[in-house]
Protein chains: 2
Amino acid sequence: MPAEAKVSAKVNKPAKVEARAAAPVSPPLTERQEARRRRILHASAQLASRGGFDAVQMREVAESSQVALGTLYRYFPSKIHLLVATMQDQLEHMHGTLRKKPPQGETAAERVAETLMRAFRALQREPHLADAMVRALTFADRSVSPEVDQVSRQTTAIILDAMGQENPTPEQLSAVRVIEHTWHSALITWLSGRASIAQVKIDIETVCRLIDLTAPAAP
Amino acid sequence: MPAEAKVSAKVNKPAKVEARAAAPVSPPLTERQEARRRRILHASAQLASRGGFDAVQMREVAESSQVALGTLYRYFPSKIHLLVATMQDQLEHMHGTLRKKPPQGETAAERVAETLMRAFRALQREPHLADAMVRALTFADRSVSPEVDQVSRQTTAIILDAMGQENPTPEQLSAVRVIEHTWHSALITWLSGRASIAQVKIDIETVCRLIDLTAPAAP
DNA sequence: CGCTAATCTAGAACAAGTTTCAGACTTGAT
DNA sequence: ATCAAGTCTGAAACTTGTTCTAGATTAGCG
């Protein structure tokens, strides 16, 4: 009946199809579709690495990834969706990389700060890419909530990993939320040239103190 | 020689002209120019109050404020500049309002949290306006840094006011920075529907604990 | 194989931010 | 009062995100 995989009905956008590598269940993608999706994300990241948010132009992404503009929009319903998906992609890499070398700090706060600073250094290597991803993330409106939430969960997972906490308390989860807020906002101030790298470091270290504040003795 | 006030040279954009009400020194504006500026900001806030960021369309702002499109761009070189200036305007009101009834809390942390929650409630009354202003603020790139910085300073001033600290320590200033980060980011998650009002409250209260953590005995 | 529904493509069309330009209007100085 | 320089206006043009359309392709099923 359908063709190239029944992604579902008309309204369906492979966006939801973005079954993360972990659970490609919802709407299975054809090999060619999966390939297209990868080409698109690759082109997006490449263009972003050059000139940041503005350099990711939908027509160029379509051309670079050898896909028609309409198809690009079928996969990613907006530029913001595309960039947020790009961020999901990069975050997975990052999480994998971070897993390999766990932070060395004594306290949970130290380990989290160390992990975030490591991530920050990675972003510094591709500042334009960071710009595109972070701007998209904070500019996203309600229509992108599910995807942004996914990014948020991934970030939370990274931080909890660094804390080494199996089952964090509600208080600790609040602290993690605040750390994420600070992380995103600090990145923005850095990207827009209003804060130095050193300043970001201080902010991260400052907010990480909240962890110790909320991490009492283990049961 | 010039006309309607010598704003300066060719490249000059009254943007810099935005000498806040406090210090209209740099390039003095004609009365008519000041009036135009007010009309523009008013139209901007009005449109924003309706439909948020997207509803603030430059052509409409120009029409509503009875100014040519080109003139609008002379006063505010981009939509982002316009909305950030709108935020500066609103922040001043807010600061004035907050001054009148200082927060009641015992500790500095309580007072800051109370103040921010009061501001938050004000934003809730005009969620669309809040959306427009906050989105603009976080989307702003380097070209808007001076204006965004001004907003940041104003916010810092409000928080320091609430703390009741005359000369804060560097540590306290760091805490304030982190509070601002959390404030902005929490607003974004609320505006994009990813966090409830209650959640924002918790985040604010959580981060405000940092103040007590960094506020030792007075000298 | 041949069908049928969905997908993909190429390209036009539309929307809103931004730029540009010629001409009318103001302003402040002489 | 006059004039030079800067400002405002109105309208068109340009850019880039987004939508739409008609026709070519593809996938899976009988």
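Each chain gets a letter, A, B and so on, in the order the sequences are listed, and its residues count up from 1.
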Go through the structure and list residues passing side-chain contact (heavy atoms from CB on, under 4.5 Å) with [X], not counting sequence neighbours.
X	result
B/L69	B/M58, B/R59, B/A62, B/L72, B/Y73
B/Q46	B/H42, B/R50
A/S65	A/R39, A/I40, A/A43, A/V61, A/V67

Does a nitrogen or oxygen in the side chain of B/Q33 sit under 4.0 Å from OP1 or OP2 of C/dT26?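 No, B/Q33 has no side-chain N/O under 4.0 Å of OP1/OP2 on C/dT26.
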According to salt bridge (Lys or Arg N to Asp or Glu O under 4.0 Å), does anything in residues 113-125 of chain B pair up with another residue at least two apart or in another chain? List the pairs.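 Pairs touching residues 113-125 of chain B that pass the test: B/E114-B/R118.
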Once you round it to whole Å, what is the distance between [atom2] of [N] and [atom1] of [X]?
X	N	atom1	atom2	value
B/D141	C/dG17	CG	P	16 Å
A/F139	C/dG17	CZ	C1'	12 Å
B/R32	C/dC25	CZ	P	12 Å
A/R37	C/dC8	CZ	C1'	18 Å
B/E60	C/dA15	CD	P	13 Å
B/F76	D/dT7	CZ	P	16 Å
B/Y75	D/dT9	OH	C1'	13 Å
B/L83	C/dA16	CG	C1'	14 Å

Would you classify A/Q66 as touching base, sugar-phosphate or nothing, given that sugar-phosphate means primed atoms plus P, OP1 and OP2, and contacts are heavy atoms under 4.0 Å?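 Touches sugar-phosphate only.
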Nearest to the side chain of B/T30, heavy atoms from C-beta on, is which of C/dT27, C/dT9, D/dT7? C/dT27
Whether the side chain of A/Q154 engages the backbone of A/Q88 through a donor-acceptor N/O pair (distance < 3.5 Å, no angle test) should be reported. no
Please test A/T115 against A/D161 for side chain to side chain contact (heavy atoms under 4.5 Å, CB included), starting from the C-alpha separation and ending with a verdict. CA-CA 9 Å; A/T115 297; A/D161 262 24; over 6 Å; no
Heteroatom pairs (N/O) under 3.5 angstrom, protein to nucleotides 14-21 of chain D:
from   : atom 1 : to    : atom 2 : distance (Å)
D/dT16 : OP1    : A/Q57 : NE2    : 3.1
D/dG17 : OP1    : A/V56 : O      : 3.3
D/dG17 : OP1    : A/K79 : NZ     : 3.0
D/dG17 : OP2    : A/M58 : N      : 3.1
D/dG17 : N7     : A/R59 : NH2    : 2.5
D/dG17 : O6     : A/R59 : NH2    : 2.8
D/dT18 : OP2    : A/Y73 : OH     : 3.0
D/dT18 : OP2    : A/K79 : N      : 2.9
D/dT18 : O5'    : A/Y73 : OH     : 3.4
D/dT18 : O4     : A/R59 : NH1    : 3.4

Sequence neighbours excluded, which residues qualify as salt bridge (charged side-chain N to carboxylate O under 4.0 Å, His left out) partners of A/R153? A/D149
